[in-house]
Structures are given as structure tokens and as C-alpha cells.
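Scroll down for the structure; my scribbles are underneath it.
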Amino acid sequence: GRQGGVYRCQVAKSGPGVSGDPVNSSMELEVNVASPPTNFTAEQVNKTTVRISWTPPTSKESVTGYQIHYMAVDSQGTRGEFMTAPETNHRLIHDLQTGINYSFTMVALSEHLPSEVVGPISLIMKAVPAVPM
């Protein structure tokens with residue numbers, strides 16, 4: 001997994017005929033990594049729309065938004081991604097095709113690095129959804 005924290009780096013000169021002795025320079029870099037969202041779900045709401053929902057991570061202060069990816073599993077066709085605001089906990093994805101198996105994943109975004117990927121969730125779009133509208 002990705003680890004946030006403070007990292008110490010030393011700089012060394014390299015190249016042909018140059019020794020790799022560290023230069024008298026070091027720096028510290030603080031890296032904030034978003035925690036992944038939980039309770040990630042996908043449910044069909046009508047024949048062309050899926051509702052993606054999640055619970056925000058507990059370390060919400062470092063989350064700057066969410067990125068949702070989807071793609072048709074059995075073809076080279078449909079794929080896409082959406083960005084959402086940090087206070088969001090769901091997103092509707094429209095214009096999907098009946099009979100196609102879609103895969104959905106998501107990450108929480110932070111200033112430095114995204115969270116670990118959540119998912120995938122697979123869902124075959126049905127002509128009549130099982131979920132009441």
C-alpha cells in the first residue's frame with residue numbers, strides 16, 4: 001500500500017566517471033496519502049444509469065476529491081472517468097448500454113498521491129433494473 005509520512009532524501013552526483021558519494025545536502029518531504037473510501041457500491045437505477053456510492057475515508061482532511069473509473073469488460077469500447085468534490089459520496093453514471101458488463105473502480109485524491117484503488121465492482125446492465133427507481 002501507499003504510505004504517507006515524512007521522507008528524508010540525500011542527493012548524490014552520478015554519471016560516467018563520477019563517484020556516488022552523497023553531496024552535503026539533504027531534505028525532508030512530507031507526503032500525504034489519502035485513505036481509500038469504504039462501502040463502495042454500484043447499483044443500476046434504470047436501463048442506462050448506475051449510481052456509484054461510498055463512505056468517505058476517516059482521514060477526510062487530506063481528501064481533495066474522488067476519481068471514478070469505469071469500462072466495458074468484454075469489449076474495447078466504452079470507458080470513462082469522473083472527478084467529484086471531496087464532500088460528495090455518490091455519482092450517477094449515465095448512457096451505459098444494456099447487456100454490457102461494466103467494471104467500476106475509484107480512488108480518493110489528495111494533494112500528493114491518490115489512495116489505493118477501491119474495487120473493481122462488476123455490473124451487467126439489465127433491460128429492467130432490479131432496483132426500484
Side-chain angles (χ1 to χ4, degrees):
R2 294 183 169 100
Q3 295 291 320
V6 177
Y7 293 84
R8 178 177 286 284
C9 305
Q10 277 194 319
V11 178
K13 201 172 189 182
S14 67
V18 176
S19 72
D21 293 333
V23 176
N24 289 332
S25 177
S26 67
M27 65 178 172
E28 289 187 357
L29 174 66
E30 184 173 354
V31 178
N32 294 317
V33 178
S35 296
T38 57
N39 302 319
F40 178 51
T41 62
E43 62 182 341
Q44 185 175 349
V45 294
N46 64 38
K47 67 180 185 175
T48 62
T49 305
V50 167
R51 182 177 202 256
I52 302 295
S53 58
W54 62 90
T55 301
T58 53
S59 63
K60 241 179 8 179
E61 66 279 359
S62 67
V63 173
T64 59
Y66 299 96
Q67 188 172 37
I68 300 164
H69 296 266
Y70 72 93
M71 63 181 251
V73 174
D74 303 327
S75 71
Q76 299 290 332
T78 309
R79 63 178 47 232
E81 69 180 41
F82 294 98
M83 306 290 273
T84 67
E87 60 276 0
T88 308
N89 68 353
H90 69 277
R91 170 79 165 145
L92 293 176
I93 299 177
H94 302 281
D95 302 322
L96 302 175
Q97 296 178 356
T98 301
I100 301 294
N101 183 10
Y102 289 94
S103 175
F104 302 90
T105 59
M106 76 176 297
V107 295
L109 303 172
S110 72
E111 188 178 319
H112 298 286
L113 294 170
S115 71
E116 293 182 23
V117 175
V118 178
I121 294 176
S122 291
L123 181 70
I124 297 173
M125 296 298 289
K126 296 180 172 63
V128 178
V131 178
M133 291 176 44

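This one's a predicted model, so the numbers in the text were calculated from it and none came from an experiment.
- I93 CD1 to L123 CG: the interatomic distance, rounded to the nearest 0.5 Å, is 10.0 Å.
- Between M125 and Q44 the shortest side-chain heavy-atom distance falls below 4.5 Å.
- For the atom pair CD1 of I52 and CD1 of I121, the computed distance is 6.5 Å after rounding to the nearest 0.5 Å.
- Going from atom OG1 of T41 over to atom CZ of F104 covers 11.0 Å, rounded to the nearest 0.5 Å.
- Here the side chains of S53 and F40 are not in contact, with every heavy-atom distance at 4.5 Å or above.
- A donor-acceptor contact shorter than 3.5 Å is absent between the side chain of E81 and the backbone of Q67.
- P36 meets the side-chain contact (heavy atoms from CB on, under 4.5 Å) test with S115, V118; sequence neighbours excluded.
- The only option from V45, V50, T49, N46 that meets the side chain to side chain contact (heavy atoms under 4.5 Å, CB included) definition with H94 turns out to be T49.
- Tracing side-chain contacts under 4.5 Å through hydrophobic residues (I, L, V, M, F, W, Y), one never reaches V107 starting from M71; they form parts of separate clusters.
- Atoms CG and OG1, from L109 and T64 in turn, are 5.0 Å apart once rounded to the nearest 0.5 Å.
- The two residues Y66 and P57 make their nearest non-hydrogen contact at OH-CD, 3.3 Å.
- Taking the six-membered ring where tryptophan is involved, the planes of Y70 and F82 are essentially parallel, since the angle between them stays under 30° and well short of 60°.
- R91 approaches I68 most closely through the heavy-atom pair CB-CD1, 3.7 Å.
- Heavy atoms only, all atoms of each residue included: W54 and P37 are closest at CD1-CB, 3.8 Å.
- The list of side chain to side chain donor-acceptor pair (under 3.5 Å) pairs with a residue in residues 96-107, not counting sequence neighbours, is empty.
- Side-chain contact between H69 and M106 is absent, with no heavy-atom pair separated by less than 4.5 Å.
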